[in-house]
Amino acid sequence: MQFDTIAVNTIVANRKGEVSSCDLPFSEDLLQFNADYLRLTKQVCECCEDYDLSADSMVIGTSALVESEIDGAVGMYSGVFNNPFMIWGRYKRGWFKTSLSVSFQFHHTQMDGAHAARFLEMLQQEIAALKL
């Protein structure tokens, strides 16, 4: 299968205290992606309904488990969630550095390990470029 667009999925804690799914259209413009993220996650939080782009886009799943400290997650594939999936938890501060562990899973029919390593390196470059 080939898709013309990419979306990033995130899980949103909604106003009912439950979770809803929110697909975010990918944009190379980080400011545009952030604006879409803020607008759509707020919409999903308030209306408690999933926002789904999976019919039109290749959706990359993510999950931020900020209440938890994780070192990784395995076995996320169920036959329904076969797209690449990235999970992270709470960041950790040390004496001289702050770190964030991520778990990134993908199916080899979608990409090779070199592609995954390139993605993670590009993610690291974006994080390093942040002015914190």
Hey, is CZ on Arg118 packed in by over 12 heavy atoms from elsewhere, all under 6.0 Å? no

Linked, directly or transitively: Val44 and Phe33 (ILVMFWY side chains, under 4.5 Å): yes

Residues Ile6, Ser57; criterion side-chain contact (heavy atoms from CB on, under 4.5 Å); working and verdict: CA-CA 5 Å; Ile6 298 173; Ser57 299; 5.9 Å; no

Any donor and acceptor pair, going by atom type alone, linking the side chain of Ser27 with main-chain N or O of Asp29 inside 3.5 Å? yes

Give a yes or no on whether Phe104 and Leu123 share a hydrophobic cluster (residues Ile, Leu, Val, Met, Phe, Trp, Tyr; joining criterion: side-chain heavy atoms under 4.5 Å apart). yes

Qualifying residues under ring-ring contact (aromatic ring centres under 6.0 Å, His included), relative to Tyr37, sequence neighbours excluded: none

Can you check side-chain contact (heavy atoms from CB on, under 4.5 Å) on Gln32 and Asp36, steps first, answer last? CA-CA 6 Å; Gln32 178 62 53; Asp36 290 340; 2.9 Å; yes

Same cluster for Val59 and Val12 if Ile/Leu/Val/Met/Phe/Trp/Tyr side chains link at under 4.5 Å? no

Between Asp50 (side chain only) and Asp52 (backbone N and O only), is there a donor and an acceptor less than 3.5 Å apart? no

Short side-chain to backbone donor-acceptor contact, Arg15 and Cys45, under 3.5 Å: no

Once rounded to the nearest 0.5 Å, what's the spacing between atom CZ of Arg39 and atom SG of Cys22? 9.0 Å

Same cluster for Ile127 and Leu30 if Ile/Leu/Val/Met/Phe/Trp/Tyr side chains link at under 4.5 Å? no

Please tell me whether Met122 and Ile60 are part of a single hydrophobic cluster in this structure, the criterion being side-chain heavy atoms less than 4.5 Å apart. no

Atom pair CD (Gln124) and CG (Leu100), whose distance is rounded to the nearest 0.5 Å: 10.0 Å

Below 4.5 Å, heavy atoms only, C-beta onward: do Asn9 and Ser21 meet side chain to side chain? yes

Looking only at heavy atoms, which two atoms of Leu53 and Asp23 are closest? And how far apart? N-OD2, 2.7 Å

side-chain contact (heavy atoms from CB on, under 4.5 Å) assessment of Leu24 paired with Thr10: CA-CA 8 Å; Leu24 308 163; Thr10 190; 4.1 Å; yes

Is there side-chain contact between Asp4 and Met58, with heavy atoms separated by less than 4.5 Å? no

